[in-house]
Structures are given as structure tokens and as C-alpha cells.
Novice: 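Dumping the structure here so I can ask a few things about it.
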Amino acid sequence: MRFTSMLIPTLRETPSEATAVSHKLMLRAGYVRQLAAGLYVYLPLGWRVLTKINGILREEMDAIGAQEVSMPVLQPSEPWELTGRWSDIKEEMFRLKDRGGRDMCLGMTHEEIMTWLAAREIHSYRQMPQIWYQIQTKLRDEARPKSGVLRTREFLMKDSYSFDISQEGLEKSYKLHADAYHRIFSRCGLRFWQVQSDTGMMGGAAAHEFMAPSPSGEDDIVLCPKCGYSANVEIAGSTPPAVQSENAPFEDVHTPEKRTVEEVSRFLKKKPGNFIKSILVMAESGPVLALVRGDQQLHEKKLQRITGPFRPAHKDEVRDTLGVEAGFIGPIGHKVRIIADPVLREGDYISGANRKDYHTQGVRAGAHFQAEWQDIHAAQAGDMCPECGSPVSMEKAIEIGNIFQLGTKYSAPLNAVFLDESGSERPIIMGSYGIGPARIAAAAIEQNHDKDGIIWPESIAPFDVEIIPVSMENREIVELADKLHSELSGMGLDVLVDDRDERAGVKFKDADLIGIPRHIVIGEKNLKDGFIELKDRRTRQSERLRPEKVLARSREK
RNA sequence: CGGGGCGUAGCGCAGUCUGGUAGCGCGCACGGUUCGGGACCGUGAAGUCGAAGGUUCAAAUCCUUUCGCCCCGACCA
């Protein structure tokens, strides 16, 4: 491919709206353009990368016996009504009516439609297991599209669905996917972790996410370097390090105008870990008082799994419910539901005294208050691993894939049933599995770049080699570039020749930006001696070689 | 949805406070010189100043409304 016949609009300056590294580089190097918030055009280079990623996805999905299909993006409401998601999902679903006034939506995922198909076509245990997948556009009216292609309103997703006759079968399909995902992400050149994750509204028994560490990631993951425990912070267990117990007498202390743990701890010269942080929230069932240690944070997702949806209490609600203003509330003497983090079981603490300008010290669980004990704190670096007790670390990560054991959450309401060997009717046991190709591309850039641009892993680079004829005036150079171009292409390599009539510096800068892993530089001086240069984008090391040698070496690959 | 920021030429920005002929750099076009890490000189094209309404002799600038984009948070099936 010739540079001059391809649209590669590189930018010298970074458009101001970009903050994530991958976003900046994709814009500058001419891979994508933004149409509107969360809507991106993939330019030729960008599309080539996605095509390569999708190729890997197809190979690995096919290898586990999955079959590719294609489902409509435009869907009728009925299957969604049957599973309850038509009403469970709110503004995030794009909805419309057709000319007949029928409710329709744009697919944000395809459990309903895949299950609809299974309900029609799978009748017997003899037909299973099945795995169906597609690489299809999804639409979600995201509350906040962000970070370039990392969170968009329209995006490509490889989604697959397994259909089994039993939980054991599901676990097998699940394992097949997990293994395939490891191969996929490894082949794409990513550093990644498989972590335990929340099943969310997908429901079901088990779920894992595949996470590529990156500062641009939206998720926090907890990792134990010792035993390999890894989990999304949304569900990660951890034991906060023990704090020295004060053995303080049980009594109120005057703390005028000191409300937050930080203020009171500084005022009393005690560590935040010696405090109980009391947070009142309003759940649908009523007020709930959540307690965590002062140096810990309440994790709202964890609490929500226990109480259902909630919101923080307003100031007047705190007063009405607990009889004291926010800042001085504590767990003692209330009849509201109290949920406390287990770390508070032991030791004595300082909490709000339930009267203005006072805190109580020497507060002990059991003796002074009762609570439901539930893990509701957010794990933080330095906490102890729930499996082996060593300190855990935290990383920001991009969710590049997920796998869910769904069970019968979709098959039951959509009546996707089969007859088992004994002739009795049972719901199909399902799993669902997703990968975002654009996120793979973005994560690859986040993990592989330098100050000059992208450094693509070979497997997903838009081209294998870029040939850089340093001058287009020199006939010999141009002829050799053409010759290498056609011979390397003939060997099955994807080759880009920068045949622009630009100065060498411009070509070098753009080549570094675009990030093709190998560059062949053809310059006058070297060519006079019969040499060209083969340059590695990552290491920047350059070798002087005879042109034939380059061909021979490429043939080996 | 809450908080913050920004909309001026393709891109990056100045001009807005204090109203008075719309600017700079890059890019683009043409001519010339140059040619191994984003060259230089000259000439030139290109802007309903996001939109609508208002105030004013006069609005990019002041007022009102509105749309869009980005960031933080909430949300993320």
C-alpha cells in the first residue's frame, strides 16, 4: 500500500479534547476521528487494526467450536419485555418506534435475541452444547462517553453465548472461553489479568473480567502478588491492617465543630483507624446506617448488594432519623438497620456521640451497639489478601473482556427449553461472553507507546513493515522501495511505503507516530554501499543489511 | 443527572475583563531554494467568532435563552 493512496491524516498537534494517551495517539496518528460524543469514525489505519483484532477473535472462537452468526441490531421489544430488561434498563437503551408504532430498540447486548433463537431451534439435549458468536455493533446511550474509543455509544463487540444442558456443561463452556480469552489477549500483545467480578444485572453464579492495566482504565483491581488472588475492587475482599486498640474508657469527649474523621482525628490526635465512620443512607426499605473503620472507605456497590439501591441521606433526613446533625452520628442507641464492616468487631473506637459537638470513645461492638456484619469497605493497597493474608496491591485497568455464567436467567423467561434424556423439559443453561475490539486496540496503545507515538504489537499492527525511501528524487531509492514493496507483499506481508515527496524528517516522525513495528529505511549513503536499514520501532535499533537479507529474513517469519 | 471548563479558519490558540476594520502559529495552494529526524523565503486562499434573541450608533466582546464538546462525580446489563 502506498502512503499517497491512503488516507492517513496525521496531526502535528494534539486536538485539545483528548486526555487519554490512546485517544491522543489515535487522533494524531490518523486512526480515528470523532463524529459526536461517543461516536467515532475508523479511518483506514484504524479499521485495519480492528480487522486484525477481529481476525484473532474469529480464529480463537472458531478453535473452541464457536459458530459465527449475525444478529439484527434493530430489535423488537418483546423479548426484552419477557426478560424484564425492557423496564429494568432505563435511559441507557436507545428506543424507537417503527412506522407501525411498535416499540423497538437498538441492541446493547444480545442475550435476548440469542436466547430467542435458541428457544426456536434447540429442542433436545442431543443438540447441545452450542456456542454462537458474532462481532456486531452495540449501541448504548452512555451517561458519559469518554476516553476516546474506550467508552463510546456505538461500538463493536465480540459476544458469544453458550447453551448447555447442565451446570457442568456450562462450566466447561465457561472454561473454554476463559482459555480462549487468555490466548486472544496474549496474541494481541496485552498485559492483562483475569479477575473475579460482579455479576451485576447479568445475574448468574460466576463472572470474571479480563483487565488490561492502564492509567486510563476505569476500573480498580486488587491483586495479590503472593497467591495470585485477583478481583475487581467492586467485590474484592480484604482485611485492613490491624490498628492498635486504645482501651479507652467509654465516655463522651468534646469535639466542637469537628465533623469528619479527618478533623476529629487531628483534633484528638488519634489515628483515623481508631474511628468508626458512620454513614446514613436511604434504601428502598428505609434508612440504613453503614459503619466502616475511619481509615477505610465505604464501597457503595458492596453495600448495594446487601440493601438494594440506595442514596446518601439528606441533612434533614439524618436529623429526623438519628436526632442529631451529620458529623456527630454514631451507632449507639439507634433502632435503624446497622450494617458494619467486620473489621470493627474487635477493638474500641471513637464514634459520633449522637449529640452535637461530641464524640464517644471506647466504643465496642457488642457491648455498645449491635450490627449485621458484612464486608462493605473498599479494599485498598496495603490491605491483607483475603486468601493468603499478604498485602495486596491495586491497579487501574481497562476492562477488555468479560465472561458470565448466566444459568437460566434468560432461557427461563424466553422459554428456551429442551427435553433431557428422560423426556422431561428443562431450561437451557447459558453463559455469555464479551470482548471489545476497540478496547483491545486502545489498551495496546496505552501499554505500548513512547513519547513519539504508538508501538503496535506485531499481531495487530495495521501493517507489518513500513518502507521509508528517504528521497523520492533518487531513482535508485524509489526503484528499490518499489521492488521491496512488491516482494515483501508477495510474501504475504502487509507493507506500507511512504512514497510522499516529503523530507526525511517528516517521514521518520510520522512513521514513529503511526507505530508500525518495523521500518525499512532506504537512504542515499547506505544504498551507495549496497545497504539498507532495518529498524525496530520499539528498540529503535537499526541494522545495516543487504536488501536480499531483509527478504530472506522476512521469509523466515 | 450534579459540579467544573471550553466553543474564534482544517488543527493549536490570542482577542472577550474595558464594545469600535477578526489576528498569530501550524496546515493548505502556487513559485523558488533546500533535502537523513516535523526546512526556509515569497505570494495566496480560507472565519455566518456554536446558534437564536436582546441592549447599543456599533457586539467575538454586554444580557437572556439554547446547542455542542471535554473533564470530575453518579451511572456503566
Side-chain angles (χ1 to χ4, degrees), chain A residues 9-20 23-24 27-30 33-40 80 83-93 105 107-112 138-148 150-153 155 157 159 197-204 207 209 216-219 232 234 300-301 304 309-312 398-399 402 404 406 409-410 432 434 436 439 451-453 468-474 477 498 500-514 519 521-528 531-533 535 540 542 544:
Chain A
T10 58
L11 266 23
R12 191 184 292 241
E13 290 174 287
T14 307
S16 57
E17 69 263 24
T19 49
H23 190 197
K24 287 182 190 171
L27 287 169
R28 275 197 65 206
R33 286 295 181 262
Q34 184 181 50
L35 172 65
L39 297 175
Y40 281 84
W80 293 87
T83 61
R85 292 165 111 189
W86 185 258
S87 54
D88 289 350
I89 299 172
K90 299 169 61 194
E91 310 97 313
E92 203 177 340
M93 183 188 269
C105 65
M108 42 196 302
T109 175
H110 280 79
E111 278 80 14
E112 275 77 0
K138 310 287 185 216
L139 291 118
R140 295 182 188 173
D141 196 356
E142 287 287 349
R144 180 144 100 84
K146 57 182 283 198
S147 306
L150 278 177
R151 187 159 212 90
T152 54
R153 293 191 291 178
F155 58 98
M157 178 160 138
D159 49 324
S197 68
D198 191 8
T199 52
M201 289 290 284
M202 281 288 207
E209 288 164 340
S216 295
E218 299 182 275
D219 288 276
N232 192 306
E234 290 173 3
E300 275 139 30
K301 277 247 168 84
Q304 193 174 328
F310 67 81
R311 58 169 176 78
I398 298 166
E399 181 186 348
N402 53 36
F404 292 95
L406 299 176
K409 182 177 158 83
Y410 298 90
S432 98
R439 286 187 170 184
K451 66 174 177 42
D452 292 311
I468 303 174
V470 155
S471 163
M472 297 305 286
E473 309 287 294
N474 182 317
I477 289 179
D498 192 345
R500 293 176 301 172
D501 189 13
E502 284 286 357
R503 298 165 63 86
V506 172
K507 294 190 182 188
F508 291 141
K509 287 288 183 188
D510 273 343
D512 287 347
L513 226 203
I514 290 165
H519 302 160
V521 181
I522 310 175
E524 242 161 72
K525 278 186 201 143
N526 280 323
L527 191 57
K528 218 169 272 170
F531 288 107
I532 58 176
E533 281 167 73
K535 200 164 156 190
R540 294 176 181 283
S542 171
R544 258 163 60 105

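When reading the values below, keep in mind they use all heavy atoms of this one structure, side chains included, and skip hydrogens, waters and symmetry mates. The structure displayed is predicted, hence computed values, not measured ones. Letters go in sequence order (proteins before strands), and every chain restarts at 1.
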Novice: Whom does B/C62 pair with, Watson-Crick or G-U wobble, provided both distances fall under 3.5 Å?
Specialist: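 B/C62 is paired, partner B/G54.
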Novice: Does A/Thr19 make a side-chain N or O approach to OP1 or OP2 of B/C71 shorter than 4.0 Å?
Specialist: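 True: A/Thr19 side-chain N/O within range (under 4.0 Å) of B/C71 OP1/OP2.
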Novice: Between B/C57 and B/C17, how many Å separate the two C1' atoms, rounded to a whole number?
Specialist: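 Per the computed distance, 23 Å lies between those C1' atoms.
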Novice: Mind checking if A/Ala504 touches a base, just sugar-phosphate, or nothing, with heavy atoms under 4.0 Å?
Specialist: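 Sugar-phosphate only.
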Novice: Just the rounded figure in Å: distance from C1' of B/U34 to CD of A/Glu502.
Specialist: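 For the pair A/Glu502 CD and B/U34 C1', the rounded distance is 13 Å.
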Novice: With side chain to side chain contact (heavy atoms under 4.5 Å, CB included) as the test, pick out the partner of A/Phe508 among A/Asp498, A/Asp452, A/Ile468.
Specialist: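 The passing option is A/Ile468.
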Novice: What are the two closest heavy atoms between A/Leu27 and A/Leu11, and how far apart are they?
Specialist: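 Shortest heavy-atom separation between A/Leu27 and A/Leu11 comes out as O-CD2, 3.7 Å.
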Novice: Compare all side-chain heavy atoms of A/His110 with those of A/Lys138 and state whether any distance is below 4.5 angstrom.
Specialist: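 SC-SC contact between A/His110 and A/Lys138 confirmed.
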Novice: Which one, B/A74, B/G36, B/G38, comes nearest to the side chain of A/Ala143?
Specialist: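 In terms of side-chain proximity for A/Ala143, the closest of B/A74, B/G36, B/G38 is B/A74.
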Novice: For the P atoms, the ones on B/G27 and on B/C41, what distance do you get once it is rounded to whole angstrom?
Specialist: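 Their P atoms lie roughly 11 Å apart.
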Novice: CG of A/Asp452 versus C1' of B/G38: gap in Å, rounded?
Specialist: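 A/Asp452 atom CG is separated from B/G38 atom C1' by 11 Å.
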Novice: Please confirm whether the shortest side-chain N or O distance from A/Ser16 to OP1 or OP2 of B/C13 is below 4.0 Å.
Specialist: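 A/Ser16 to B/C13 OP1/OP2: side-chain N or O found under 4.0 Å.
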Novice: Checking only heavy atoms, does the side chain of A/Arg28 share a donor-acceptor pair with the base of B/G12 at less than 3.5 Å?
Specialist: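 Side chain to base: no pair below 3.5 Å.
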Novice: Mind checking who B/C75 pairs with, Watson-Crick or G-U wobble, both distances under 3.5 Å?
Specialist: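 Base partner found: none.
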Novice: Just checking A/Ser542: base, sugar-phosphate only, or nothing, at a heavy-atom cut-off of under 4.0 Å?
Specialist: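 Here A/Ser542 touches no strand at all.
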Novice: Provide the distance between the two C1' atoms, one in B/G50 and one in B/G38, to the nearest whole Å.
Specialist: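 Here B/G50 and B/G38 have their C1' atoms 32 Å from each other.
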Novice: Could you give the distance separating B/G19 and B/C62 at their P atoms, to the nearest angstrom?
Specialist: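 Looking at atom P only, B/C62 and B/G19 are 9 Å apart.
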Novice: Quick one: do A/Glu111 and A/Arg85 make a salt bridge, cutoff under 4.0 Å?
Specialist: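 Answer for the salt bridge query: yes.
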Novice: A/Arg144 has an atom CZ; how far is it from atom P of B/A74, in whole Å?
Specialist: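 To the nearest whole Å, that distance equals 10 Å.
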Novice: What is the minimum heavy-atom distance between A/Arg439 and A/Leu150, and which atoms define it?
Specialist: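 It is NE-O, 2.8 Å.
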Novice: To the nearest Å, give me how far apart NZ (A/Lys146) and P (B/C69) are.
Specialist: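 Rounded to the whole Å, the gap is 16 Å.
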Novice: Counting any heavy atom closer than 4.0 Å, what does A/Glu399 reach on the DNA or RNA strands: base, sugar-phosphate only, or nothing?
Specialist: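 Nothing, no heavy atom under 4.0 Å.
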Novice: Tell me the interatomic distance from A/Glu142, atom CD, to B/C1, atom P, rounded to whole angstroms.
Specialist: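 Atom CD in A/Glu142 sits about 15 Å away from atom P in B/C1.
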Novice: Can you work out whether A/Gln304 or A/Arg12 has the more 5'-proximal nearest nucleotide on RNA chain B?
Specialist: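 With A/Gln304 and A/Arg12 compared, the 5'-side residue is A/Arg12.
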Novice: Quick one: on RNA chain B, does A/Leu11 or A/Lys90 contact a more 5' nucleotide (nearest heavy atom)?
Specialist: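 Final value for this comparison: A/Leu11.
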Novice: Paired with B/C28 by Watson-Crick or G-U wobble geometry, both distances under 3.5 Å: which nucleotide is it?
Specialist: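 Per the H-bond distance test, B/G44.
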Novice: Using the P atoms only, state how far B/G31 lies from B/C70, rounded to an integer number of Å.
Specialist: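 Their P atoms lie roughly 41 Å apart.
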Novice: Between A/Arg153 and A/Leu39, is there a donor-acceptor pair closer than 3.5 Å when you use the side chain of the first and the backbone of the second?
Specialist: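 No; judged by distance alone, with no hydrogens or angles, the pair does not exist.
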Novice: Over all strands shown, is A/Ala36 touching base, sugar-phosphate only, or nothing at heavy-atom distances under 4.0 angstrom?
Specialist: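 A/Ala36: backbone/sugar contact only, no base atoms under 4.0 Å.
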Novice: Please state whether the base of B/G25 and the side chain of A/Glu13 form at least one donor-acceptor pair under 3.5 Å?
Specialist: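 Between B/G25 and A/Glu13, which were checked side chain against base, a qualifying N/O pair under 3.5 Å is present.
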Novice: Taking a pair as Watson-Crick or G-U wobble with both distances under 3.5 Å, which nucleotide is matched to B/U34?
Specialist: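 Its partner: none found.
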Novice: Which whole-number value in Å describes the distance from A/Glu17 CD to B/C13 P?
Specialist: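 Between P of B/C13 and CD of A/Glu17: 9 Å.
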Novice: Contact class for A/Asp219 vs. all strands (heavy atom < 4.0 Å): base, sugar-phosphate, or nothing?
Specialist: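 No contact at all - A/Asp219 keeps every heavy atom at 4.0 Å or more from the nucleic acid.
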Novice: Send over the distance from A/Asp501 CG to B/G31 C1', rounded to a whole Å.
Specialist: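 To the nearest whole Å, that distance equals 15 Å.
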Novice: A/Leu150 has an atom CG; how far is it from atom C1' of B/C71, in whole Å?
Specialist: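 Those two atoms, CG and C1', are 15 Å apart.
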Novice: Return the pairing partner of B/U18 with a 3.5 Å limit on both distances, Watson-Crick or G-U wobble; otherwise return none.
Specialist: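 Its partner is none (no Watson-Crick or G-U wobble pair with both distances under 3.5 Å).
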Novice: Is there a Watson-Crick or G-U wobble partner for B/C69 with both distances under 3.5 Å, and if so, which one is it?
Specialist: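 Answer to the pairing question: B/G5, which forms a Watson-Crick or G-U pair with B/C69.
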Novice: With C1' as the reference atom in both, quote the distance from B/A9 to B/A60 in angstrom, rounded to an integer.
Specialist: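 Each nucleotide's C1' atom is 14 Å from the other's.
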Novice: Considering Watson-Crick and G-U wobble pairs with both distances under 3.5 Å, what does B/G23 pair with?
Specialist: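 For B/G23, the partner nucleotide comes out as B/C13, under the 3.5 Å rule.
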Novice: When you compare B/C28 with B/C67, how far apart are their C1' atoms, in angstrom units rounded to a whole number?
Specialist: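 Each nucleotide's C1' atom is 30 Å from the other's.
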Novice: Say you pick atom P in B/A14 and the same atom in B/C75; how far apart are they, in whole Å?
Specialist: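 Roughly 35 Å separates the two P atoms.
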Novice: Please answer whether the main-chain N or O of A/Val470 pairs with a side-chain N or O of A/Lys507 as donor and acceptor at a distance below 3.5 Å.
Specialist: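 Here the side-chain-to-backbone pair does not exist.
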Novice: Counting only side-chain N and O atoms of A/Arg503, is one of them less than 4.0 Å from OP1 or OP2 of B/A39?
Specialist: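 Yes, within the criterion.
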Novice: Report the distance from atom OG1 of A/Thr10 to atom CG of A/Asp510, rounding to the nearest 0.5 Å.
Specialist: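 Atom-to-atom, A/Thr10:OG1 and A/Asp510:CG are 3.5 Å apart.
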